[in-house]
Amino acid sequence: NGIDTLQPLETTVADIERFKDSSALELTCPNCANKFLFGGIIASNFYTMCYNGLQCKNCEHIFSPLQITSQLERCIRSHISLYYAGWLVCDDKTCGTVTRQISVFGKRCLSDGCTGVMRYKYSDKKLYNQLLYFDSLFDCEKNKNQLLKPLYHSGDIDYPISSLNESSIKVLSEQNRDLFETNRSVVQKYLSDCARRYVDLGSIFEFMRE
Ligand SMILES: [Zn+2]
Ligand SMILES: [Zn+2]
């Protein structure tokens, strides 16, 4: 189906590198207003994936599917508006001019005497990778095979106290398959738009690329 056709050709091992600049998905519990990062079916001090969905550890509220998809969609839209804001930044560290204006010389910095090159602060490639990252969070196969970008590293203040074993992850992935596929279809809606634009803008703004 459509979900598979847009998968990148590179191996999933490349995901961690690909997603290194991607922002985490922050969810808010609709019941207790606790905010936490969602990283798929992983150990977390803030949420549990149980057989019937996503549960807040603070108040035990179980998110309805819509409570997840609507927050995911809001987050995607905020990334898209950042992208559309079209901020450009000068690559000369001593200059650092930030503007939304594209000079008639295209990539030349507008600051007097600066020889720096203006680049998109939020590039189409970054947006595309951000959407692929959200997609990966709800990818049952990637969850099952524990191929997701880790949310925490040992030493982090929020590093999970308990762990989740491989067989639980496999079972929970299957039990939440419908929920996850619904979320993937939300991401997919924007991803296919973005992929098209990635190709179009890529050729139009060729001069802006690295
Ligand atoms: Zn809660
Ligand atoms: Zn400059």
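We count ligands from 1, going down the list as the structure has it; atoms in each ligand are counted the same way. Nothing here was measured: the structure is a model prediction, and the numbers come from that model. When reading the values below, keep in mind they use all heavy atoms of this one structure, side chains included, and skip hydrogens, waters and symmetry mates.
- Within the protein, the N, O or S atoms sitting under 2.8 Å from the Zn ion (ligand 2) are Cys90 SG, Cys95 SG, Cys109 SG, Cys114 SG.
- Counted by atom type alone, Asp139 and Ser136 present zero donor-acceptor pairs between their side chains at under 3.5 Å.
- The closest donor-acceptor contact from the side chain of Gln130 to the backbone of Ser23 lies under 3.5 Å.
- Judged purely by atom type and a 3.5 angstrom limit, Asn145 has no side-chain atom pairing as donor or acceptor with the backbone of Leu147.
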request  = Could you walk me through whether Cys29 and Lys35 pass the side-chain contact (heavy atoms from CB on, under 4.5 Å) test, one step at a time?
outcome  = CA-CA 6 Å; Cys29 173; Lys35 288 181 191 299; over 6 Å; no
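- Under the 4.0 Å criterion applied to side-chain N and carboxylate O atoms, Lys144 and Glu166 are not assigned as salt-bridge partners.
- Ion pairing between Glu141 and Arg177 holds under the 4.0 Å rule for side-chain N and carboxylate O.
- Protein N/O/S atoms nearer than 2.8 Å to the Zn ion (ligand 1) total 4.
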query = Between Asn165 and Ile169, does a side-chain contact (heavy atoms from CB on, under 4.5 Å) hold up when you go through it step by step?
reply = CA-CA 6 Å; Asn165 68 49; Ile169 293 173; over 6 Å; no
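- For the pair Asn176 (side chain) and Leu179 (backbone), a donor-acceptor distance under 3.5 Å is absent.
- Between Lys126 and Asp21 there is no salt bridge, since none of the side-chain N atoms of the basic residue sits less than 4.0 Å from a carboxylate O of the acidic one.
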